[in-house]
Student: 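For reference, the structure I am asking about is given below.
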Amino acid sequence: MKKLLLSGNEAIARGALDAGISLATAYPGTPSTEILENIARMDAGKAMWAPNEKIAVELASGVSFAGHRTIAAMKHVGVNVAADPLFTLAYTGVRGGLVIVTADDPELHSSQNEQDNRRYASFARIPMLEPSDSQEVLEFTREAFPLSERFDLPVFLRTTTRISHGKSVVIAGEWDKEEKRPDPGLVKDPAKFVMVPANARIRHLDLEERISSLKDFAESCSFNRVEMADTELGVVTSGISYNYVKEALPDASVLKLGLVFPLPDKLIRDFASRCRRIIVVEELEPYLEEGLRYLGIEAEGKSLISRFGEINTGTVRRAVTGVREPAEDNKHEPLDPIPVRPPVMCIGCPHRGIFHLLSRKGIFVAGDIGCYTLAVSPPLSAIHTTVCMGAGVNQAAGIEAVLQEEHGKVVAVIGDSTFLHSGLGGILNMAYNGIPATILILDNFTTAMTGRQNHPGSGFDITGNRTRQVDWETLLRGLGMEHVRIVDAYDLEEMDSTLTEEIKRDAPSVIVVRGACMLLRNQPVKQENPYEIDEEICTNCGNCLKLGCLAISRRNLSIDEKPVIDTQKCTGCTLCFQGCLFGAIEALE
Amino acid sequence: MTTVPGTPTNILMVGVGGQGTILASELLAHVLMESGYDVKKSEVHGMSQRGGRVVSHVRFGEKVYSPLIVKREVDYLVGFELAETLRSLEWLGPEARVLADRKAILPFTSLVGEARYPFDALELIRKRGFDLTVVDGEGLAVEAGEPKTANIVLMGALAKLLPIDKKGWEEAIKRNMPGKFVSVNLRALDLGYSAVEIA
Ligand SMILES: Cc1ncc(C[n+]2csc(CCOP(=O)(O)OP(=O)(O)O)c2C)c(N)n1
């Protein structure tokens with residue numbers, strides 16, 4: 001039997017292809033991004049980047065209505081964007097198997113919140129599978145499609161970062177593709193697919209019937225498993241937490257739930273009745289715990305296990321068995337503080353120059369999400385709000401609509417991928433309501449933050465083939481924006497004067513700040529023409545250090561000495577050269 | 001280092017984005033799997049390309065449940081960068097072996113003299129009584145013919161410490177790397193392997 005070492009995301013890709021999907025779609029988002037990238041690698045014709053998650057889910061629902069199997073993948077907050085179609089797709093149900101992956105991120109490794117999307121399952125009445133390792137990911141993914149068809153419902157597959165990005169051993173085995181499948185084609189069935197109130201009322205009743213038969217199925221399905229051992233302690237758990245339970249509490253009895261919505265009431269009651277003490281081990285929300293309490297079971301959960309961040313074997317062990325954190329010994333005495341190492345913009349990054357200017361001018365910047373959010377850190381310190389994709393544009397407009405000039409100047413920054421994801425409406429609004437805000441679109445031709453995915457502004461599709469590229473000027477003018485300027489992200493003077501003019505303007509305006517992502521250029525990123533600082537001319541004013549460029553340091557790492565450029569690292573972006581007030585920086589001969 | 005049968009062995013690998021830490025842990029996990037062990041590996045990607053800290057947990061044994069190592073239970077620490085190696089000491093078990101590269105990569109605050117960089121990390125580690133093996137990854141990688149193979153030099157050194165046949169490593173390199181990179185990586189592996197003397 002061939003063994004593979006697969007991440008959860010690779011296993012989802014394989015599982016979906018094994019199940020015979022006709023199309024997979026996604027918008028990138030950590031930790032979900034590699035699902036679609038892997039599908040594209042294995043079967044290029046079946047993968048499409050969507051501009052946002054709502055489009056992905058709606059596209060997938062079309063595929064399903066046409067009688068084909070399909071999967072849409074997103075990070076947890078992507079489900080918020082796609083929530084509108086999802087809630088009603090539970091009413092309509094499906095034709096071809098429709099699977100929605102929600103990749104949650106407890107601990108916020110790369111997210112703006114750590115919402116627990118199991119709540120979406122019970123809220124929207126959509127069944128949810130939650131695998132515990134890559135082997136289960138593969139199996140659950142394969143089975144999610146027939147499950148969706150059998151119960152006429154979309155199916156959620158929930159992973160968390162440690163499942164999505166963790167790798168474990170998988171035996172792929174054979175998968176019987178011969179099961180019954182819907183016939184591809186068009187079905188005109190308004191009672192099922194047209195959710196006007198009269199039809200939707202009936203489908204709502206029908207939805208609860210489908211959930212009820214699924215609940216019966218849950219009692220005996222192979223997704224859920226009881227592992228009886230010592231009955232002193234019974235643990236109810238799911239997903240990644242199962243692994244921590246098995247390691248921390250090897251003697252306990254375990255009810256492992258793989259189908260976390262709907263819950264198997266009888267199975268849970270029966271398990272609870274056989275154990276003296278019942279605890280629930282789960283990350284984030286007391287989702288299972290509340291399920292047990294609803295059944296009248298006195299379970300302990302969040303009184304023991306934190307509601308915040310990730311848990312692990314150690315936290316479970318400490319919470320349940322009372323063992324303490326190991327004491328300090330002479331090997332583990334506290335150390336002097338070690339400097340932190342926050343992620344930073346790359347040397348040569350096209351985002352650096354504009355933030356240097358915004359920072360120097362002291363402008364309030366309504367921000368958004370992407371690599372440019374890194375400008376929040378010193379020395380740039382030039383991002384003042386970040387909430388969700390697309391929010392910054394509207395926040396700048398809102399601020400502009402109510403605050404007078406004397407409170408200071410406001411702009412919004414938004415990346416190209418983020419703008420096409422959810423920024424268009426904000427521009428439309430500003431133009432329509434005549435709000436004189438200034439929006440900076442930072443166009444680096446890629447979705448850099450999540451690993452350089454193409455998007456409609458990059459001109460390439462997921463496989464790297466050329467496709468239609470957004471024409472920004474036409475697009476923005478079409479939305480009603482009269483004042484559109486396009487500037488070079490590496491030209492400080494041009495950016496400076498344009499910024500001054502557009503901020504002053506008493507009308508809505510957009511500046512497209514354009515410069516390709518460093519990582520899109522051929523590796524290694526080093527260029528021909530690094531710069532150096534003439535120590536004689538340098539006055540040690542410190543201006544170049546305010547760029548936060550890792551190629552510029554102080555001589556001998558001493559806070560009093562003059563700056564120096566590491567010519568091995570310098571990419572020759574020229575920003576420090578342009579910014580030097582004394583002409584002390586010049587190209588290396 | 002004695003391993004209790006049934007308890008997984010824990011390897012923590014730490015470095016800075018761009019050093020190839022994740023690639024190295026990938027190779028290690030493959031070698032372990034092909035040697036018949038159950039393996040789990042976990043790390044957080046996302047920020048690694050932006051010069052942030054990279055931490056990879058690799059666990060192997062007869063059966064591994066959790067992909068995460070518990071604090072104070074690391075058996076082997078592989079440190080690709082001085083400050084990150086030092087930062088990870090709190091994770092080490094009492095008998096842990098430390099394999100450390102001399103490489104220093106300074107964060108911005110240290111480059112501009114605002115925060116002291118721990119150039120004395122190796123001394124500190126040794127003083128605390130940890131079993132420390134130091135490898136000049138970059139130097140040996142240059143000797144192998146490609147400075148970027150420093151990560152594989154470290155894997156060569158690790159190969160000497162782990163209970164796994166070196167052939168397994170060579171096969172994993174042949175199987176998992178593009179053809180044109182195989183020979184230079186095999187050289188890097190060899191140089192790392194020979195650099196460690198087992199007392
Ligand atoms: C709803 C939602 N989907 C996905 C993400 C993940 N994500 C954060 S920023 C971003 C796009 C970044 O691209 P861009 O705006 O072009 O900025 P860049 O990183 O290239 O500077 C993505 C996909 C998210 N935070 N929220």
Side-chain angles (χ1 to χ4, degrees), chain A residues 3-5 30-31 107 109-110 133 161-162 165-169 240 242-248 310 312-314 317 325-326 329-333 335-346 371 374 378-379 449-451 519 545 548-550 552-554 556-561 563, chain B residues 8 16-17 25-26 29-30 32-34 37-53 57 63-73 81 83-84 86-87 89-90 92-94 96 105-118 121 124 128-130 148:
Chain A
K3 287 193 290 182
L4 302 165
L5 187 71
T30 314
E107 197 77 35
H109 294 291
S110 7
D133 60 20
T161 298
R162 300 295 175 181
H165 284 171
K167 292 208 169 188
S168 60
V169 179
I240 190 71
Y242 167 77
N243 299 295
Y244 307 139
V245 169
K246 291 300 281 185
E247 244 173 46
E310 290 182 317
N312 60 47
T313 303
R317 202 186 281 150
E325 193 92 64
D329 52 32
N330 44 14
K331 281 187 164 175
H332 294 98
E333 278 163 22
L335 290 158
D336 288 341
I338 302 167
V340 292
R341 193 187 297 280
V344 286
M345 285 179 192
C346 300
C371 277
L374 296 171
M449 189 67 170
T450 43
L519 299 171
L545 292 166
C549 173
L550 283 180
I552 311 178
S553 61
R554 284 193 186 273
N556 303 314
L557 311 177
S558 158
I559 199 151
D560 306 315
E561 296 204 29
Chain B
V16 174
S25 71
E26 193 86 17
H30 269 106
L32 293 164
M33 179 178 75
E34 295 298 341
Y37 290 105
D38 190 16
V39 192
K40 279 194 178 155
K41 164 177 128 83
S42 182
E43 70 256 325
V44 173
H45 335 161
M47 289 300 182
S48 56
Q49 218 146 28
R50 256 65 63 185
R53 157 183 167 78
H57 297 224
K63 169 77 194 165
V64 181
Y65 282 105
S66 165
L68 295 180
I69 303 171
V70 173
K71 227 180 223 180
R72 296 290 180 84
E73 292 186 9
E81 196 276 343
E84 296 315 323
L86 190 64
R87 208 193 301 279
L89 287 194
E90 57 173 341
L92 303 190
I105 301 176
L106 277 62
F108 187 73
T109 47
S110 297
L111 284 173
V112 297
E114 284 168 14
R116 189 188 153 274
Y117 181 88
L124 287 170
R128 292 186 171 219
F130 286 107
K148 276 204 214 130

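Lettering follows sequence order; numbering is per chain, from 1.
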Student: Would you name the heavy atoms of B/Tyr117 and A/Arg341 that are closest together and state the gap between them?
Tutor: CE1-NH2, 4.4 Å
Student: With a 4.5 angstrom heavy-atom cut-off, could you sort out which part of B/Thr109 is near chain A: side chain, backbone, both or neither?
Tutor: side chain
Student: Could you have a look at B/Glu84, B/Glu90, B/Glu114 and say which one has the most heavy-atom pairs with chain A under 4.5 angstrom?
Tutor: B/Glu84
Student: Can you tell whether the side chains of B/Glu73 and A/Arg317 come within less than 4.0 Å, N to carboxylate O?
Tutor: yes
Student: For A/Asp133, is it the side chain, the backbone, both or neither that has a heavy atom under 4.5 Å from a heavy atom of chain B?
Tutor: side chain
Student: With only heavy atoms counted, which part of B/Ile69 is less than 4.5 Å from chain A, the side chain, the backbone, both or neither?
Tutor: neither
Student: Under a 3.5 Å distance rule, please check whether B/Arg116 uses its side chain to pair with a backbone N or O of A/Pro339 as donor and acceptor.
Tutor: no
Student: A/Tyr244 versus B/Pro67: any side-chain heavy-atom pair under 4.5 Å?
Tutor: yes
Student: Taking side chain as everything from C-beta outward and backbone as N, CA, C, O, which of these in B/Arg72 sits under 4.5 Å from a heavy atom of chain A? Side chain, backbone, both or neither.
Tutor: side chain
Student: Does any backbone or side-chain atom of A/Ile240 lie under 4.5 Å from a heavy atom of chain B? Answer side chain, backbone, both or neither.
Tutor: side chain
Student: Is the closest side-chain heavy-atom distance between B/Leu92 and A/His332 below 4.5 Å?
Tutor: yes
Student: Please rank B/Asp38, B/Leu106, B/Val64 by heavy-atom pairs under 4.5 Å with chain A and give me the top one.
Tutor: B/Leu106
Student: Tell me, with the steps shown, if A/Thr313 and B/Tyr65 meet side chain to side chain contact (heavy atoms under 4.5 Å, CB included).
Tutor: CA-CA 10 Å; A/Thr313 303; B/Tyr65 282 105; over 6 Å; no
Student: If we only count heavy atoms from C-beta on, is the B/Lys40 to A/Asn243 side-chain gap below 4.5 Å?
Tutor: yes
Student: Could you report the tightest heavy-atom contact between B/Ala29 and A/Leu5, atom names first, then the distance?
Tutor: CB-CD2, 3.4 Å
Student: Considering non-hydrogen atoms only, spot the tightest contact between A/Ile552 and B/Phe108 and give its length.
Tutor: O-CE1, 4.2 Å
Student: Find the distance between NZ (B/Lys41) and NE2 (A/His165) and round it off to the nearest 0.5 Å.
Tutor: 11.0 Å
Student: Examine whether an atom of A/Cys371 lies under 4.5 Å from a heavy atom of chain B, and if so say whether it belongs to the side chain, the backbone or both; otherwise answer neither.
Tutor: side chain
Student: Closer than 3.5 angstrom, by distance alone: can the side chain of B/Arg128 be matched with the main-chain N or O of A/Glu333 as a donor-acceptor pair?
Tutor: yes
Student: Return the option, out of A/Leu545, A/Thr161, A/Leu335, with the maximum number of heavy-atom pairs under 4.5 Å with chain B.
Tutor: A/Leu335
Student: Assess the residue pair B/His57 and A/Asn312 against the criterion (side chain to side chain contact (heavy atoms under 4.5 Å, CB included)); give the C-alpha distance rounded to whole Å, side-chain angles, the decisive distance to 0.1 Å, and a yes or no.
Tutor: CA-CA 13 Å; B/His57 297 224; A/Asn312 60 47; over 6 Å; no
Student: Which pair of heavy atoms, one from A/Arg162 and one from B/Ser42, lies closest together, and at what distance?
Tutor: NH1-OG, 2.9 Å
Student: Check whether any side-chain N or O of A/Lys331 sits under 3.5 Å from a backbone N or O of B/Pro94 as a donor-acceptor pair, and report yes or no.
Tutor: yes
Student: Could you tell me whether the side chain of A/His109 and the main chain of B/Glu43 form a donor-acceptor pair under 3.5 Å?
Tutor: no
